[in-house]
Amino acid sequence: EYSHVAGGLGRVGQFHVNAMHGLMKDRAQVVVIEPMYAFRLDAQGRQYPLDYQSVAAPLHGLKLYDTFTVKVSGREVGAQVFEAQEESGIPHYLIRHKSNPGADYYTRLLYRYEPQHGGSSLEEFTEFFSRASLKLIEKVEGEKRTRLGAEYLEPVILSNDAQASLPIFLRAAESEIDDSPLPAAFPWHVTHTFLNRRNYSLVDGTRILRGWQLPPGYDGYFHRGELIDLTSGSIRSAWRASGVSAVHVERIRSMDPEQKIYAITNGDNLERSGRSFRTILNGLRADADQPSPDDVRQAKRAAKAALRD
């Protein structure tokens, strides 16, 4: 989720993306890839169509970008990709499942994975969205590499929670995509919640991995004790990984002790931040103990400028 919010991931995703855009807009482009869900499910089980141009942060210029197929459980599945922009200028690509004559099985319900309502399971969605995202990234980055030539820089690909296991699918596909920019990309996985780790028994988890047609040699990425953990598979196969607060990372570090997991977003050292803020206020010749509202606004602008520099 991102444009339409149904859980905590949407708000966090919006914060991450806009913060990265503010920090890097003059140096690197931040691009959002999200599912283009067809319906929202309410508490009574009713489904309401979604409009991506009438949300709180509407997308502008929505138009079809590409159509292709990807393999899900070994069979070809159609995907449509639409492109648009936020008001801030951040580009969006929205991936929708498209089949003939039906549509939207894999992207039917906003942040819900309930086959009883006509949508896919989480495991089916994960494979479809991960494979479709990688195929889209391969095309977008290929076009960029052709356009920029020697100035092209490989992308950092951030995936979020078990619903987007791009690092493991990227690693499994490396031997098949030597001509693309993807083998040189830097996959980064962000884990958000314990619920979305999606743990399975060894029997059920192995069945899912075989359904994804991952080679058996990749099972070790997912093994955590007597469990198959989809998030562990992404964290261990990624270039880097992060959690959403210092407390969160401290609690999950033991699950993947060999991996370096960074704490971002919610973790903060208030004493250290306070010292830095006071230093900026003193530099502005403001009263660091009782700054005026205008002093605070100027100090915040100075802090953001220092981060960009």
Side-chain angles (χ1 to χ4, degrees), residues 9 33-37 68-81 95-99 104-109 111-115 118-139 157-178 180 182-183 185 187-193 195-239 241 255-256 259:
L9 180 58
I33 299 175
E34 61 175 310
M36 190 173 189
Y37 294 108
F68 51 74
T69 63
V70 292
K71 283 191 175 181
V72 180
S73 297
R75 62 187 182 86
E76 296 292 337
V77 172
Q80 287 182 320
V81 180
I95 297 175
R96 175 190 181 192
H97 171 220
K98 184 66 177 177
S99 61
D104 303 320
Y105 173 73
Y106 294 102
T107 53
R108 184 171 184 84
L109 299 175
Y111 210 47
R112 301 283 289 268
Y113 316 101
E114 300 177 1
S120 69
S121 66
L122 180 140
E123 298 79 28
E124 291 173 313
F125 171 84
T126 295
E127 184 179 16
F128 169 77
F129 187 66
S130 298
R131 293 192 186 279
S133 295
L134 287 176
K135 192 161 186 175
L136 168 62
I137 294 169
E138 185 176 16
K139 176 176 180 176
I157 303 173
L158 282 87
S159 55
N160 292 272
D161 261 341
Q163 291 96 322
S165 296
L166 273 67
I168 192 68
F169 285 103
L170 173 58
R171 188 175 290 272
E174 283 177 346
S175 61
E176 305 170 8
I177 54 176
D178 290 337
S180 87
L182 290 184
W188 185 303
H189 193 71
V190 185
T191 173
H192 292 257
T193 68
L195 175 64
N196 281 327
R197 289 194 72 95
R198 295 293 171 155
N199 301 322
Y200 302 88
S201 69
L202 292 178
V203 172
D204 290 341
T206 302
R207 174 184 52 77
I208 292 169
L209 301 183
R210 295 294 78 77
W212 286 354
Q213 298 202 333
L214 292 176
Y218 288 83
D219 289 7
Y221 285 109
F222 298 89
H223 277 245
R224 186 164 65 80
E226 296 300 313
L227 299 172
I228 294 291
D229 186 329
L230 299 190
T231 296
S232 285
S234 292
I235 288 174
R236 295 170 186 175
S237 57
W239 171 63
M255 298 179 182
D256 302 291
Q259 309 307 121

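The analysis underlying the following values was restricted to heavy atoms, covering all of them including side chains, and did not include hydrogens, waters or symmetry mates.
To the nearest 0.5 Å, atom CZ of residue Phe68 and atom NZ of residue Lys139 are 8.5 Å apart. One finds the CD1 atom of Ile33 at 8.5 Å from the CG atom of Leu134 (value rounded to the nearest 0.5 Å). Here Leu227 contributes atom CG and Asn199 contributes atom CG; the two are 5.0 Å apart, rounded to the nearest 0.5 Å. Rounded to the nearest 0.5 angstrom, Glu124 CD and Thr126 OG1 are separated by 10.0 Å. A distance of 13.5 Å separates CD1 of Ile95 from CZ of Arg131, quoted to the nearest 0.5 Å. A distance of 4.5 Å separates CG in Leu122 from CZ in Arg198, rounded to the nearest 0.5 Å.
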* To do: Decide side-chain contact (heavy atoms from CB on, under 4.5 Å) for Val77 and Tyr105; before the verdict, give the C-alpha distance in whole Å, the side-chain angles of both, and the deciding distance to 0.1 Å.
  => CA-CA 10 Å; Val77 172; Tyr105 173 73; over 6 Å; no
* Starting from the C-alpha separation in whole Å, work towards a yes-or-no answer on side-chain contact (heavy atoms from CB on, under 4.5 Å) for Val190 and Asp161. => CA-CA 6 Å; Val190 185; Asp161 261 341; over 6 Å; no
* **Worked check of side-chain contact (heavy atoms from CB on, under 4.5 Å) between Ile228 and Leu202** => CA-CA 6 Å; Ile228 294 291; Leu202 292 178; 4.1 Å; yes
* **side-chain contact (heavy atoms from CB on, under 4.5 Å) between Arg171 and Arg236, worked out** => CA-CA 11 Å; Arg171 188 175 290 272; Arg236 295 170 186 175; over 6 Å; no
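The environment of CD in Glu76 is crowded: more than 12 heavy-atom neighbours from other residues, nucleotides or ligands sit within 6.0 Å.
For the residue pair Val72 and Glu127, the shortest heavy atom distance occurs at CG1-OE1, 3.5 Å. Nearest heavy atom pair, residue Tyr221 against residue Ile168, reads CD1-CD1, 3.5 Å. Across every non-hydrogen atom of Gly78 and Thr69, the tightest pair is CA-CG2, 4.2 Å. Closest heavy-atom contact between Pro115 and Ser121: CG-N, 4.0 Å. When all heavy atoms are compared, the tightest approach of Met255 to Arg224 is O-CD, 3.4 Å. The nearest pair of heavy atoms linking Ala185 to Ile157 is CB-CD1, 3.8 Å.
Not a single donor-acceptor pair under 3.5 Å links the side chain of Thr107 to the backbone N or O of Pro35. Not one N or O on the side chain of Arg197 forms a donor-acceptor pair closer than 3.5 Å with the backbone of Asp229. In terms of modelled atom types and a separation under 3.5 Å, the side chain of Ser133 and the main chain of Ser130 share no donor-acceptor contact. Looking at Trp212, its side chain does come within 3.5 Å of a backbone N or O of Glu123 through a donor-acceptor pair.
Residues satisfying the ring pair (Phe, Tyr, Trp, His ring centres under 6.0 Å) criterion with Tyr200, sequence neighbours excluded, are absent altogether. Among residues two or more places apart in sequence or in another chain, the ring pair (Phe, Tyr, Trp, His ring centres under 6.0 Å) test is passed with Phe128 by His97, Tyr106.
Residues Leu170 and Glu138 fail the side-chain proximity criterion, which asks for heavy atoms closer than 4.5 Å. Inter-residue side-chain proximity for Tyr37 and Leu109 is flagged as unmet; no heavy-atom pair is nearer than 4.5 Å.
Ring geometry for Phe129 versus Phe125: interplanar angle under 30°, hence parallel rather than tilted (30 to 60°).
Here the options are Ser232, Ser237, Ser234, the test is side-chain contact (heavy atoms from CB on, under 4.5 Å), and the partner is His189; only Ser234 passes.
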